[in-house]
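Before any comments, here is the structure.
Chain A is the first sequence line, chain B the second, and so forth, proteins listed ahead of strands; every chain is numbered from 1. As a basis for the values below, the full set of heavy atoms in this structure was taken, side chains included, without hydrogen atoms, waters or symmetry mates.
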Amino acid sequence: RLRKWQERIRTKDAGERNLQFALSEIDRMASALGVPRSVREVASVIYRRALDEDLIRGRSIEGVATACLYAACRQEDIPRSLEEVSEVSRVEQKEIGRTYRYVAQELSLKMEPVDPKQYVPRFVSELELSEEVQAKANEIIDVTAEKGLLSGKSPTGYAAAAIYAASLLCNEKKTQREVADVAQVTEVTIRNRYQEQIEAMGIH
Amino acid sequence: MVDPKETINIENVVASTGIGQELDLQSVAMDLEGADYDPEQFPGLVYRTQEPKSAALIFRSGKIVCTGAKSTDDVHESLRIVFDKLRDLNIQVDDDPEIVVQNIVTSADLGRNLNLNAIAIGLGLENIEYEPEQFPGLVYRLDDPDVVALLFGSGKLVITGGKQPEDAEEAVDKIVSRLEDLGLLE
DNA sequence: GCTTTAAAAAGTAATGT
DNA sequence: ACATTACTTTCCAAAGC
C-alpha cells in the first residue's frame with residue numbers, strides 16, 4: 001500500500017516535471033521566434049488540453065509542445081512557417097507538421113488555412129520595404145486569391161511572390177533571391193507564383 | 001457537362017492472398033529470376049510481373065500482397081502468373097487461392113476549378129484537413145463509402161481506401177452533391 | 001510506430017545543364 | 001532560365017522489430 005502511494009507521488013511528480021519541461025520549452029521557442037506573450041499562453045492552453053486528452057502517448061513532449069506553439073501562432077494571426085518553427089525546435093519539420101495535424105484534429109481546433117497576407121508585414125519589414133509596397137502586395141493577394149489562384153499553394157510562397165511583384169510595381173525592387181531568403185522559399189516558387197499573379201492582375 | 005463519374009480511372013489495386021504453404025524465401029530468391037529479397041530491410045520478397053505490370057510481396061508464411069495493378073482483373077492475372085512461377089519451382093500452390101481486394105486507388109475530374117479555402121471552411125473543418133503548406137490537396141474523409149478523397153484546386157481528385165470500384169462512384173456522387181449544396185462547385 | 005510495394009493528384013525543392 | 005528527379009499526402013495488406 002505504501003508502495004502504491006509512493007508510486008502515485010512519483011508519477012504525479014514525473015507528470016509535473018514533464019509539464020514544466022513542456023511549458024519551459026514553449027517559452028524558450030516562443031522567445032526565439034519573437035512572438036508575444038499571448039501566443040505562449042495560447043500554446044500552453046492547447047498543450048494542457050492535449051495532455052488532458054492523452055494525445056502525448058507515443059509522441060515526444062517536444063514534438064507536441066512545438067506543434068502547439070505552431071497552432072497558437074496561427075490562432076493569434078501571427079503565423080510562423082513550419083520551417084521557421086523547426087529552426088527553434090529540436091524536432092524535425094515533418095514530425096512537427098504531422099503532430100500539429102493530429103493535435104488539431106483530436107482537439108477539434110478550428111484551424112483556418114493561413115492567409116498569405118498575415119506574412120506580409122513581417123516580410124516587408126525584414127526587407128525594409130515601404131507601406132506602399134505592403135499595401136500593393138496585400139491588394140495583389142486579395143485580387144488573385146479571389147480569382148482562385150490560391151488553392152493548393154503554400155502561403156509563404158504566395159506572399160513572397162506578391163511582395164516581389166509589389167516591389168517592382170512600386171519601384172523599390174528587391175531581387176527574387178532577397179525575397180526568397182526572408183520567406184524561406186526558392187526563387188523558382190516566387191517565379192511561378194509571380195507569373196500567375198501578374199497574369200491574373202492583368203498587369204501584362 | 002460531363003458526368004464526373006465518367007472520368008473515374010482506376011490507378012492502383014492492392015490485394016492479398018496466400019498459397020496455403022510455407023515458403024523458404026532464401027531458395028525462392030535464388031531460383032526466381034528478378035526476385036528482390038533483403039530480409040534485413042523487409043521480411044517480404046519482391047517479385048515484379050511485366051504484363052500486367054505489378055509488384056508482388058511474397059512472405060515466408062505463404063501470404064502474398066499484390067500492388068500496382070490497374071484493375072481487379074489485372075490483379076487476378078498478375079497473381080495467376082505469380083502462382084505459376086512458384087509452381088515452376090515445384091512449390092505446392094492451392095488450386096485457386098482466395099484473392100481479397102484490400103484497396104482501390106482511383107482518380108477523377110470534377111471538370112471545374114475548386115476554391116479549397118472555401119471548401120475547407122464551408123464543409124465545417126470536421127472531416128477535412130487542408131494544409132497547403134504541407135500538401136496541395138484537401139483531405140476529405142467520408143463515412144459512407146468509407147474512403148478518403150484528396151481534392152485539388154484543378155478539380156481533379158484521388159479516391160483511396162475503397163474495396164470495390166463502386167465505392168469511388170458513390171464517393172464522387174456524394175462529393176459533387178455536397179459541393180453543389182454548398183454552392184462551392186463553380 | 002517503422003520497414004516495402006504501387007498509384008494518382010499538384011506544389012515545392014534540389015540538382016543539373 | 002529551364003528540365004529532371006524526388007519528395008510531400010491519402011489507402012491497404014503482409015512479418016518482424
Under 4.0 angstrom, heavy atoms only, what part of the nucleic acid is [X] near: base, sugar-phosphate, or nothing?
X	value
B/Ser54	nothing
A/Gly152	sugar-phosphate
B/Val101	nothing
B/Thr106	nothing

Test: [X] and [Y] ion pair at under 4.0 Å:
X	Y	value
B/Glu169	B/Lys5	no
B/Asp167	B/Lys163	no
B/Lys174	B/Asp144	yes
B/Asp84	B/Arg87	yes
A/Arg74	B/Glu131	yes

Gap between atoms [atom1] and [atom2], on [X] and [N] respectively (whole Å):
X	N	atom1	atom2	answer
B/Ile104	C/dA8	CD1	C1'	14 Å
B/Leu110	C/dA9	CG	C1'	12 Å
B/Asn127	D/dC11	CG	P	13 Å
A/Glu196	C/dG11	CD	P	7 Å
B/Asp74	C/dT5	CG	C1'	17 Å
B/Asn12	D/dC12	CG	C1'	9 Å
B/Ile19	D/dA14	CD1	P	16 Å
B/Gln102	D/dA14	CD	C1'	9 Å

Between [M] and [N] - [atom1] atom distance, rounded Å:
N	M	atom1	answer
C/dA8	D/dC2	P	27 Å
D/dT8	C/dC2	P	12 Å
D/dA6	C/dT5	P	14 Å
D/dT9	C/dG1	P	13 Å

Can you find a side chain N or O atom of [X] that sits less than 4.0 Å from OP1 or OP2 on [N]?
X	N	value
B/Lys53	C/dA7	yes
A/Arg59	C/dG1	no
B/Ser16	D/dA14	no
A/Thr186	C/dT12	no
B/Ser107	C/dA9	no

Nearest to the B/Asn103 side chain among D/dA13, C/dA14, D/dC11, which nucleotide is it?
D/dC11
Given D/dA14, D/dC12, C/dT5, identify the nucleotide with an atom nearest to the side chain of B/Lys63.
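Between D/dA14, D/dC12, C/dT5, the one nearest the side chain of B/Lys63 would be D/dA14.
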Output one line per pair: protein atom, nucleotide atom from nucleotides 2-10 of chain D, and distance, for all N/O pairs under 3.5 Å.
{"residue": "D/dT8", "atom": "OP1", "partner": "A/Lys94", "partner atom": "NZ", "Å": "2.8"}

Show every salt bridge (Lys or Arg N to Asp or Glu O under 4.0 Å) that has at least one partner inside residues 56-65 of chain A, sequence neighbours left out.
A/Arg28-A/Glu62, A/Asp54-A/Arg57, A/Glu62-A/Arg90
Assign each of B/Lys70 and A/Arg193 to its nearest nucleotide of DNA chain C by heavy atoms, then name whichever residue's nucleotide is nearer the 5' end.
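Its nearest nucleotide lies further toward 5', so the answer is B/Lys70.
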Closest-nucleotide 5' rank along DNA chain C - winner of B/Glu11 and A/Tyr158:
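Result: B/Glu11.
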What's the shortest heavy-atom distance between A/Ala160 and A/Val185, and which atoms?
CB-CG2, 4.2 Å
Considering heavy-atom distances to DNA chain D, does B/Val14 or B/Ser61 have its closest nucleotide positioned more toward the 5' end?
B/Val14
Within this structure, what is the CD-CG distance for the pair B/Gln41 and B/Asp36, rounded to the nearest 0.5 Å?
9.5 Å
Nearest 0.5 Å, what's the OG1-OH distance between A/Thr66 and A/Tyr47?
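Nearest 0.5 Å value for the OG1-OH distance: 10.0 Å.
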